[in-house]
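A short write-up of the structure that comes next.
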Number of protein chains: 2
Amino acid sequence: MKQISSRFSIAVHILSLVATVPSECTGDFIAGSVNTNPVIIRKIIGLLKKAGLVEVRAGVGGTRLTKDIDQITLLDVYRAVEVIENGELFNFHNHPNPLCTVGRNIESVLRAELREAQTAMEQKLSQVSLQHLITKFE
Amino acid sequence: MKQISSRFSIAVHILSLVATVPSECTGDFIAGSVNTNPVIIRKIIGLLKKAGLVEVRAGVGGTRLTKDIDQITLLDVYRAVEVIENGELFNFHNHPNPLCTVGRNIESVLRAELREAQTAMEQKLSQVSLQHLITKFE
DNA sequence: TTCGTTAGAACTATACTGGTTACAACCGGT
DNA sequence: ACCGGTTGTAACCAGTATAGTTCTAACGAA
């Protein structure tokens, strides 16, 4: 199966850098720490900007957080970067046969359970702030 | 982002059918209820068989559960069908720069948190048995 | 104005998904 | 022993997401 894109871990990396090294935080510098192409970084910063997590000064360079580091959670980052259709982690097969008891019921019954599982995961993410992460660095 | 494959929901559908309509449960019949191609069904049944959840009688047709329906959970099905490399839901960017504090620490710190989030989700899945699902059908 | 930077379009290679066709192997019933 | 329905796979396809590259335009401070 496809894992959740590394965009997420890169985004967290970017925000951690911006939080701990606010000066010198150009796309190229970040790309050097993440060890990837600057364009990848710019794309992800674009998503973070769209989500209102960072401000970017075009031209002169530099990215700033728009919130305190204890106000940004992993869930914020996840939502900013993992743009899933209507936010559903689990996919469903389409149009099961309505003439069959299982086909008629499976979607609504299963979807409710999977929604709970997804929510459990997201709640865990919402409990971890950027601050929490950064203080664990050595 | 890529959602978790509909293989999962199809697998649950298959098992629900096998549990509720044990006779007549050929690949073609199941495909008719799921509304897809029989080969898709056979492939997924192959995964379920590999995981020890079902027995299949080749040639004459028919699939049987190997456990009671209250002994099969959504997590069992998920694990059987969503074959992720070493079971990690979240992907990581490779080789962050070890010369940078963030690059050096991000992976281990973040991975621990994401592992917890994943575990929270899987635990929810493990609390839902096939029996639980089936009794909700109308 | 110039230079480093951000913004983003366009393109590539790779891989997964869901699906199809085709064919071999299986096995109970006649 | 054959037949017919079934399972088990291989091979292939179109569509799409990922991660990455190259290139160009626009921005803005010195």
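Every chain is numbered from 1, with letters handed out A, B, ... down the list of sequences.
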message: Taking any heavy-atom pair under 4.0 Å as a contact, classify G62(B): base, sugar-phosphate, or nothing.
response: sugar-phosphate
query: Side-chain donor-acceptor pair under 3.5 Å between T36(A) and H93(B), yes or no?
result: no
- prompt: Do any side-chain nitrogens or oxygens of T36(B) fall under 4.0 Å of OP1 or OP2 in dG19(C)?
  reply: yes
- prompt: Is a salt bridge present between K136(A) and E113(B), judged by a nitrogen-to-oxygen distance below 4.0 Å?
  reply: yes
- request: Report yes if at least one side-chain N or O of S5(B) is closer than 4.0 Å to OP1 or OP2 of dG18(C); otherwise report no.
  value: yes
- request: Establish whether the base of dG20(D) is bridged to the side chain of K43(A) by a donor-acceptor pair shorter than 3.5 Å.
  value: yes
- prompt: Just to confirm, is there a sub-4.0 Å distance from OP1 or OP2 of dT17(C) to any side-chain nitrogen or oxygen of S6(B)?
  reply: no
- prompt: Counting only side-chain N and O atoms of N94(A), is one of them less than 4.0 Å from OP1 or OP2 of dG18(C)?
  reply: no
- prompt: Does NZ or CZ of R111(A) fall inside the cone over F92(A)'s six-membered ring, less than 6.0 Å from its centre and within 45° of the axis?
  reply: yes
- prompt: Along nucleotides 22-30 of chain D, 5' to 3', which nucleotides get a B, which get an S, and which get a -, given that the test is a protein heavy-atom distance under 4.0 Å?
  reply: B----BS--
task: Using a strict cut-off of less than 4.0 Å between a Lys/Arg side-chain nitrogen and an Asp/Glu carboxylate oxygen, indicate whether E122(A) and R79(A) qualify as a salt bridge.
output: yes
- prompt: Using a cut-off of less than 4.0 Å, is there contact between a side-chain N or O of K49(A) and OP1 or OP2 of dA7(C)?
  reply: yes
